[in-house]
There are 4 protein chains.
Amino acid sequence: MSIDAGSMTRAERKRAEQAAQLRAEIVDAAFAEFAAVGYHATTIADIARRLSVSPGTVYNYFKNKRDIVDHVVSRLEAQLRAALVGDNAPGTARTLAEFRAQTMRIATAVDALFYADERMARVLLFEVTAIDATMTERVLAMFDAAHQISFESLTDGARRGFLRDDVDIGATADVIVGVMISASVRNLRNSYPAADRQAWREAAVGVLIEGIAARG
Amino acid sequence: MSIDAGSMTRAERKRAEQAAQLRAEIVDAAFAEFAAVGYHATTIADIARRLSVSPGTVYNYFKNKRDIVDHVVSRLEAQLRAALVGDNAPGTARTLAEFRAQTMRIATAVDALFYADERMARVLLFEVTAIDATMTERVLAMFDAAHQISFESLTDGARRGFLRDDVDIGATADVIVGVMISASVRNLRNSYPAADRQAWREAAVGVLIEGIAARG
Amino acid sequence: MSIDAGSMTRAERKRAEQAAQLRAEIVDAAFAEFAAVGYHATTIADIARRLSVSPGTVYNYFKNKRDIVDHVVSRLEAQLRAALVGDNAPGTARTLAEFRAQTMRIATAVDALFYADERMARVLLFEVTAIDATMTERVLAMFDAAHQISFESLTDGARRGFLRDDVDIGATADVIVGVMISASVRNLRNSYPAADRQAWREAAVGVLIEGIAARG
Amino acid sequence: MSIDAGSMTRAERKRAEQAAQLRAEIVDAAFAEFAAVGYHATTIADIARRLSVSPGTVYNYFKNKRDIVDHVVSRLEAQLRAALVGDNAPGTARTLAEFRAQTMRIATAVDALFYADERMARVLLFEVTAIDATMTERVLAMFDAAHQISFESLTDGARRGFLRDDVDIGATADVIVGVMISASVRNLRNSYPAADRQAWREAAVGVLIEGIAARG
DNA sequence: GATGAATGAGTCTTCATTCAT
DNA sequence: AATGAATGAAGACTCATTCAT
C-alpha cells in the first residue's frame, strides 16, 4: 500500500499524487451522491458526472461500485475514530469533574462530526446498512467500537471511585452509544442551531452523570 | 378501503375475507424476505414463491413493490405503537416507584417486540431507510413518536414533583429513545438470553432514573 | 428433466409444450446466428430479434449466453452421435465387404450431416472452441468418441481376420477421424455437388481399406 | 514498409532494428497470450504487461488488435510453410522408398512444429478461426496449401509409376491433410512422448502408403 | 381472481483505442 | 518513441410490471 517515494522519478510522483487525488475525489463524489439519493439510486455515471469524468475512469480507480462504498465507509470510520480518541483516550480522567469534561469533549467532537455534515449520519445509518450483510457488520462494528471506548472509560471511573460501583457498566455504555445515535438521527430531521446543540449535550451528559456518579 | 359488510352476501364476505388474508400473507412474506436478504435484493417473484402464488397475483393486491413495503412498515408501526401505549399511556404514574415500574413495562414491551423478532429491527433500522426520502421520513416519525411519549411522561413526572425540575426533558427523552435504538441494534449482533436482557433493562432504567429523580 | 405429464392439466401441458418449443427455437436461432457471425459477435438481442422476441425473454429460458451455446453444442453432439451409431454399431461387420459397406454408411451419414448444414462444421470446429477451455474440451471429447468407435470397429475387424494384424489400430482410427474433419473443413470453402461427394467418399474409404485390408 | 538501409545512419539503423525487435516481441507475447487464454479474453494490456510496456506502445507498432493477430498468423504460416517445403519440395521422390522417406520427413517436420509448441495448434485451429470470416479464410487457405503440396507429390508419384494409377489423388490429399489435423488436435488433449509419436507417424504413413502404393 | 410468460428500460462493467505529456 | 490515464461505446443481464388467457 505504501509507496516508496524514494524510488520514484519526479514525474511518477506527480502522477501518483494526481491519482491519489482523483481517487479521493471519487470517494467524495460517491459519498455526496449516496447521501443525496442513496446507494442504490446512485449510478456510476452519476458519480462520474459530478467530476466531469467518464464512467470508465471511475473503473480505473475502483474495482466496482461496491468497492467505492467500502472506501466511503472507511473514510467515515477514520473520521469517527479520530473524534472518539484523540486526546480523549479512556482512563485519563481522575476526578468526576475531569470525567464530565472529557465526556463533554467527546460528545462535542462526535456532534461536530455529524453536525458539520449530516450526510455522514444519513449514509452511515440509513444507506449503507441496506447494501449487504458485510456492510451492515462494518457499521455494527463501529457501534461496538464506540461501546468499547465508553466501557473502558466507565470501568476506569468506577475503579477510581468517582462513579458508583453498583452501576452496570455494559448497560451504561449502551446508553451512551444510544444517545449518540439518537442525537445523530434526530438531527437529520430537524437541524438545531449550534447553541441549542451545546445545551442539549450538557443536559444529556448531565442526566447521565447524575445517574452514575458516586453519591456523597 | 373500508368494506360495507352489511351489503354483502355470504359468498362475497367469504371472498373479501380470503382477500384480506392473502393481503396479510403477502405483507408477511415480504417482511420475511426483506429481513432475510434486504429490500433491494428481494424480488416480487421471491415474495410470490414464498406463498406458492404467481407474481401477477401479488399485483392484484398491491400497486407495486413500493406499496408493499409501505404496508410492511405500517404493520411494524402498529406493533410498536401498541407496545408503547397500551396501559402505559403517559401521565398515569403518580410516584417515582410507579414511574419506574411504568418505564420498565415499556422497556420490556419494546424489548419483547424486537427480541421476539429481530427482523423488526433489521427491516426498520437497516433496510427500509435506504428506499427513499419518504420512507426515511416515516421511520424518523416513529422515532419522534417515541420521543413524544417519553417527553409527555417526563413532563408529567416533573409536574408531579418526583422528577428533578431542572432536568432538560427534551434531551432526556432523546436519551430514552437512544437507549431503545441502541438495545435493538446491539441485539442484532449478539443475541442475549432473556434473563440477561431483563438485567440489562433494569440497569439501564436504573441509570436513567437515578439521573433524573428528584433528590431527597 | 422429464416431466410427469400425467399430473398436468391440459393447460399446463400446452404451456409446457410451448415453452419447450420456444427453448428449441432459441437454440435454433442462436445456432444460426453463431454460424453467421460467430459466437462473440452475436448479441442476445440478435438472437431475440430473429424470433421477434425481447432480449428478456431469452433469459426466461436460459441462464446466460454461455448456457445457450451449451445447448447448441448438445444438440450438435446428439446429431453427430446419431450419425455415428444407429445401425452402424461397431463389431457387426463379418467380412471385408461388410466392413467396407459399414464404413461407407458411416461416412455417408457424417457427410450428410455436415453437408446438409455446413453451419454445423463452422460452429463446432471454428466458433465454439474459442469460447473457453470447457467448451474446447467438449469438442475434443466428441473427436475422442469418434475415435473410440473407429477403434472398436477396427479391433473387431482385425480379430475376425479381414484386416491386417500388423496395423496400428490407434493410428488408423486417428486417420479416420482426420478424414472426417478434413472433409468437413474443406466443404466449408468449396461446396461440392452430392455426386462428387459420393465419389470422394468412395475414394477415401478405398485408400483406407486398401491400406489396412489383410493381404491375399 | 521496406526500409532503405543504405540511406540510414548507424543510429537510425540501430533504432530500426530495435523497433523490428519490439514488433516481433509483441507478436510473440500476443501469441503466448492467445494460446493461454484465447483471443477474445486477451486484452491489449495483457500483451503489454508481458513485455513490461504500456498499452500505448503496442499501438505504436500495430494498428489495432486485429492487426496483431494477423501478424501472429503470418508467423505461423511461415513456420508451417517452412516445415512443408524445405528439401521436401514435391516431385523429388523417384521411388516408392524415396516417397515414403519424404513423406516421413514431412510428417516429422509438421509434428515437430506442433509438438514443440502445442500452442500453435491451439491458436491456429481453435482461437483464430472465431475472429472473423477473413481470418477463417486464411486458415482454410493454409489447409489448402497443404493439400496442394500433397496433391502435387501424389501426382508426381503416380506419373512415375510407384503409386497406383487408379487412386483418387484429390481425396488422398485430403486424407493426408486430415491426418495432420487429427494428429495436432489429439495432441492437445494427450501429450504423447516423442517415441510414441514416431511410432504413430510410421504407422499412419504405413497405412497410407499401403493404400496407395502400386501393386506388384 | 389467478396465472406466468413477455417485456424492455436501466446499469454495471469491460476494454480497444486515443492523445496529451 | 513511450507512456498510461481517460474515454465511451457496447453488451450482458435483471426484474418490476403488464396483460392475454
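We name chains A, B, ... by the order of the sequence lines, and we start the count at 1 in each one. Computed over heavy atoms, backbone and side chain alike; hydrogens, waters and symmetry mates excluded.
- In this view, B:Tyr61 satisfies the ring-ring contact (aromatic ring centres under 6.0 Å, His included) rule with no residue, not counting sequence neighbours.
- In terms of the side-chain hydrogen bond (donor to acceptor under 3.5 Å, both in side chains) criterion, residue partners of D:Arg66 (sequence neighbours excluded) are, by chain and number, D:Asp70, D:Asp132.
- Taking A:Asp28 as the reference, A:Arg75 meet the side-chain hydrogen bond (donor to acceptor under 3.5 Å, both in side chains) condition, with sequence neighbours excluded.
- Residue pairs that meet the salt bridge (charged side-chain N to carboxylate O under 4.0 Å, His left out) test with at least one member in residues 120-130 of chain D, sequence neighbours left out, are D:Glu118-D:Arg122.
- The ring-ring contact (aromatic ring centres under 6.0 Å, His included) search around A:Phe31 returns none, not counting sequence neighbours.
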N/O contacts under 3.5 Å, protein versus nucleotides 19-21 of chain E?
none

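- Annotation: salt bridge (charged side-chain N to carboxylate O under 4.0 Å, His left out) contacts involving residues 35-44 of chain B, sequence neighbours excluded, are absent.
- Residues meeting the ring-ring contact (aromatic ring centres under 6.0 Å, His included) test with B:Tyr39, sequence neighbours left out: B:Phe34.
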Dot-bracket encoding of pairs in DNA chain F, which uses [ ] for pseudoknotted crossings and | for another strand, Watson-Crick or G-U under 3.5 angstrom: .||||||||||||||||||||
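- Residues from residues 20-47 of chain D that place a heavy atom under 4.0 Å from any atom of DNA chain F, listed by number: D:Leu22.
- Every pair passing side chain to side chain donor-acceptor pair (under 3.5 Å) that includes a residue from residues 42-52 of chain D is listed here, sequence neighbours excluded: D:Glu33-D:Arg50, D:Thr43-D:Asp46, D:Asp46-D:Arg49.
- The stretch residues 61-69 of chain D touches DNA chain E through D:Asn64, D:Lys65, each having a heavy atom within less than 4.0 Å of the strand.
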